[in-house]
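Atoms within each ligand, like the ligands themselves, are counted from 1 in listed order. What you see is a predicted model, and the numbers here were worked out from it, not measured in a lab.
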Amino acid sequence: MVVFKAVKKPIIKTSVAGAEISPLRPQYAVKTPPCIGTCPSGVDIRGWLITIAQAEAYGRTNEQAFEIAWGKITERNPFPAVCGRVCPHPCEDACNRKEKEGGVAVNALERFIGDFGIEKGLKLSRLSQEQRSEKVAVIGAGPAGLSCAYQLARRGYPVTVFEAFSKPGGMLRYGIPAYRQPRAVLDAEIQRILDLGVELKCGCVVGKDVSLDQLRREYRAVFTGIGAHKGLKLGVPGEDAPNVFTGTEFLNRVNSGEEVPVGDKVIVIGGGDTAIDAARVSKRLGAEVTILYRRTRAEMPAIKPEIEGALKEGVAIEFLAAPVEVLRENGLAIGLRSIRMELGEPDKSGRPRPVPKPGTEFDVPATAIIAAISQEPDFGPLPELHQGKDWINADRWGATKMDGVFAGGDDIELGLVSIAIAQGRFAAEAIDAHLRGVPLEMPQAPPPIKTEKMKLGWYKPADRHERPLLPVEQRGMDTEIEQGLSQEDAIAEAKRCMSCGMCMDCETCWMYCSNNCFVRLPKGEHYKVKLELCNGCKKCAEECPCGYIDLI
Ligand SMILES: Cc1cc2nc3c(=O)[nH]c(=O)nc-3n(C[C@H](O)[C@H](O)[C@H](O)COP(=O)(O)OP(=O)(O)OC[C@H]3O[C@@H](n4cnc5c(N)ncnc54)[C@H](O)[C@@H]3O)c2cc1C
């Protein structure tokens with residue numbers, strides 16, 4: 001990655017004479033930065049950020065750098081524009097830059113690159129031109145199934161995806177509302193996968209229209225990514241009224257274009273993403289909305305900005321309250337009897353257990369009630385996958401107890417889009433190894449780079465670029481709330497990446513070395529260290545801002 005520049009090496013007094021001379025010698029050692037370490041999809045975030053940041057130094061145009069960045073992301077994640085909108089971005093929370101002015105806005109940048117890919121019509125790349133003869137079936141066209149199909153298709157396998165609904169996308173289409181996840185963006189990113197030759201059969205319920213056994217006979221491997229679409233019931237009297245919905249059912253119906261009459265007073269029960277989405281959608285249908293959550297805001301599992309968004313749009317949240325009974329008149333729900341809760345000892349999830357306070361019941365009127373407390377896979381048509389547990393039992397690579405059957409995504413554990421994408425990829429790698437009869441190897445990640453190893457003071461202060469939000473009064477069912485970064489802001493934001501644990505050609509080691517140990521190498525190869533000239537002053541390692549140099 002070294003870039004030759006006409007720089008005269010400045011004379012820096014390293015006070016070698018006074019420095020402690022040791023037998024230790026420098027060694028370049030790549031580390032895992034916190035962004036990559038926390039990204040469920042394992043995308044080389046540092047790599048693509050630095051590609052954008054160093055476009056000029058490498059003699060590339062910005063567009064060339066964006067295209068390379070897009071290629072790096074789509075190696076592991078074929079949905080950058082989708083994830084750049086809905087991923088809760090644990091990478092940003094872990095970013096070392098948060099110790100300064102806030103973590104790098106990776107998610108907004110991912111969206112910028114994803115949108116660039118759509119706008120330019122970039123094509124997903126194949127890993128080889130080899131055509132494999134073994135056919136693979138994928139059940140479910142959610143992010144897990146489509147990621148698996150993508151990774152298999154680019155390895156040359158003929159893949160057919162069987163999808164129950166009339167359109168692909170899973171919860172990205174039938175759960176997450178369009179004001180967060182525009183359908184044109186989703187369609188474009190799915191089409192690119194299909195363009196690799198993946199066959200998609202929509203409106204085909206496996207277990208009803210075609211059996212799992214038949215797929216196992218006709219295909220050499222089967223991946224099941226059926227998600228978790230069965231909303232859990234509240235378990236309280238009266239909830240079988242026609243105006244009481246589960247969160248997934250309600251969102252599915254609205255997102256399918258159905259008119260769902262909710263009236264003017266909706267109560268949503270739950271504290272996760274489904275509850276927040278159901279509440280904000282109900283608000284857009286014209287209702288006054290209250291969310292009932294049995295713990296406090298601190299324990300709410302929903303994505304934090306989504307909670308803030310709901311509150312800004314006028315959704316009320318009643319904390320420390322739980323439903324007791326659906327109040328009915330003529331068969332219809334007319335209200336909810338609830339009880340106040342208090343927090344007790346931690347439960348299995350580690351969160352404080354909500355405990356009812358006797359005698360604190362209260363009634364709230366409602367024209368519709370939405371129970372968005374959780375969901376599980378619908379094993380109705382596929383009982384053979386339901387092996388005595390609520391979820392499919394699969395190992396780290398997605399292999400199930402059924403020979404040649406793999407699984408991933410929400411049907412093995414409720415998760416995130418990025419987790420489903422990663423599990424689809426793992427299963428594709430496992431299927432590839434299974435069909436080739438070769439062992440699977442989990443690549444060893446380099447050790448993590450700790451914040452203490454970074455020289456944060458070396459980096460110039462640079463404020464984070466936030467993406468603009470649509471004003472509340474302009475928001476609607478299909479108008480996207482979060483706007484994209486401008487190109488100028490995107491480049492400036494990428495330049496905030498500190499390249500933790502990886503050389504960024506800053507030349508600090510070269511400048512500080514008074515013995516000329518560091519010899520420049522051609523582009524991309526950093527420096528050669530002439531250890532025979534090293535006197536062990538340790539300055540290079542001490543001054544390296546990104547913790548790339550170890551002393552051994
Ligand atoms: C309302 C809501 C909001 C969410 N918000 C976010 C968010 O902001 N960020 C985030 O990261 N995650 C979010 N999630 C979670 C995320 O959507 C899921 O983790 C992810 O979609 C799981 O992917 P999947 O492919 O495993 O399953 P799904 O996306 O559920 O896809 C499964 C597919 O399988 C199909 N299928 C099921 N049974 C059959 C069958 N028998 N035959 C054929 N096809 C079948 C289904 O129709 C579906 O299309 C949200 C979830 C919900 C419900």
Side-chain angles (χ1 to χ4, degrees), residues 40-41 77 79 82-90 107 137-149 160-177 180-181 186 190 200-212 215 222-231 246-252 254-256 268 270 272-281 301-306 309 370 372 374-385 391-392 394 398 407-424 427 482:
S41 311
N77 175 7
F79 291 106
V82 165
C83 287
R85 287 171 166 83
V86 302
C87 184
H89 46 75
N107 195 238
V138 168
I139 311 175
L146 290 171
S147 163
C148 181
T160 305
V161 180
F162 297 85
E163 167 55 48
F165 294 145
S166 59
K167 288 186 175 174
M171 283 301 186
L172 297 175
R173 187 185 303 277
Y174 293 99
I176 302 178
R180 290 214 282 134
Q181 174 53 74
L186 178 62
I190 292 176
L200 173 66
K201 288 190 176 176
C202 283
C204 179
V205 180
V206 176
K208 186 171 146 256
D209 302 311
V210 55
S211 72
L212 179 59
L215 293 187
V222 178
F223 174 80
T224 65
I226 61 169
H229 288 243
K230 198 166 125 192
T246 65
T248 45
E249 174 205 356
F250 169 71
L251 289 169
N252 186 310
V254 174
N255 287 325
S256 300
V268 178
D273 291 324
T274 310
I276 300 289
D277 283 342
R280 295 177 84 180
V281 165
I303 299 168
K304 299 290 168 265
E306 293 305 312
I370 303 172
S374 195
Q375 56 263 10
E376 60 185 21
D378 183 357
F379 289 116
L382 291 164
E384 55 272 59
L385 290 176
W391 312 93
I392 299 176
D410 275 4
D411 61 10
I412 60 173
E413 190 174 10
L414 275 187
L416 296 171
V417 176
S418 52
I419 296 175
I421 290 169
Q423 290 173 344
E482 285 188 344

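Within a 6.0 Å sphere centred on CD of Glu413, other residues, nucleotides and ligands contribute 12 heavy atoms or fewer.
Although no hydrogens or angles enter the test, the distance criterion places a donor-acceptor pair under 3.5 Å between the side chain of Asp410 and the main chain of Gly415. Proximity of a side-chain donor or acceptor of Asn107 to a complementary backbone N or O of Cys83 within less than 3.5 Å is detected. Between the side chain of Asn255 and the main chain of Gly175, a donor-acceptor pair closer than 3.5 Å is present. Between the side chain of Thr274 and the backbone N or O of Thr248 there is no donor-acceptor pair closer than 3.5 Å.
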Can you give me a line-by-line list of nitrogen or oxygen pairs between ligand 1 and the protein shorter than 3.5 Å?
unit_1: ligand 1; atom_1: 5 (N); unit_2: Arg180; atom_2: NH2; d: 3.1
unit_1: ligand 1; atom_1: 8 (O); unit_2: Val86; atom_2: O; d: 3.3
unit_1: ligand 1; atom_1: 8 (O); unit_2: Arg180; atom_2: NH1; d: 2.7
unit_1: ligand 1; atom_1: 8 (O); unit_2: Arg180; atom_2: NH2; d: 3.3
unit_1: ligand 1; atom_1: 9 (N); unit_2: Val86; atom_2: O; d: 2.8
unit_1: ligand 1; atom_1: 11 (O); unit_2: Val417; atom_2: N; d: 3.0
unit_1: ligand 1; atom_1: 19 (O); unit_2: Asp410; atom_2: OD1; d: 2.9
unit_1: ligand 1; atom_1: 19 (O); unit_2: Asp410; atom_2: OD2; d: 3.2
unit_1: ligand 1; atom_1: 19 (O); unit_2: Gly415; atom_2: O; d: 3.2
unit_1: ligand 1; atom_1: 25 (O); unit_2: Pro143; atom_2: N; d: 3.2
unit_1: ligand 1; atom_1: 25 (O); unit_2: Ala144; atom_2: N; d: 2.9
unit_1: ligand 1; atom_1: 26 (O); unit_2: Asp410; atom_2: N; d: 2.8
unit_1: ligand 1; atom_1: 29 (O); unit_2: Met171; atom_2: N; d: 2.9
unit_1: ligand 1; atom_1: 30 (O); unit_2: His229; atom_2: NE2; d: 2.6
unit_1: ligand 1; atom_1: 34 (O); unit_2: Gly225; atom_2: O; d: 3.3
unit_1: ligand 1; atom_1: 41 (N); unit_2: Val206; atom_2: O; d: 3.0
unit_1: ligand 1; atom_1: 42 (N); unit_2: Val206; atom_2: N; d: 2.9
unit_1: ligand 1; atom_1: 44 (N); unit_2: Ala164; atom_2: N; d: 3.1
unit_1: ligand 1; atom_1: 47 (O); unit_2: Glu163; atom_2: OE2; d: 2.6
unit_1: ligand 1; atom_1: 49 (O); unit_2: Glu163; atom_2: OE1; d: 2.6
unit_1: ligand 1; atom_1: 49 (O); unit_2: Glu163; atom_2: OE2; d: 3.0

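Between Arg180 and Asp277, at least one side-chain N (NZ, or NE/NH1/NH2) sits under 4.0 Å from a carboxylate O, which counts as a salt bridge.
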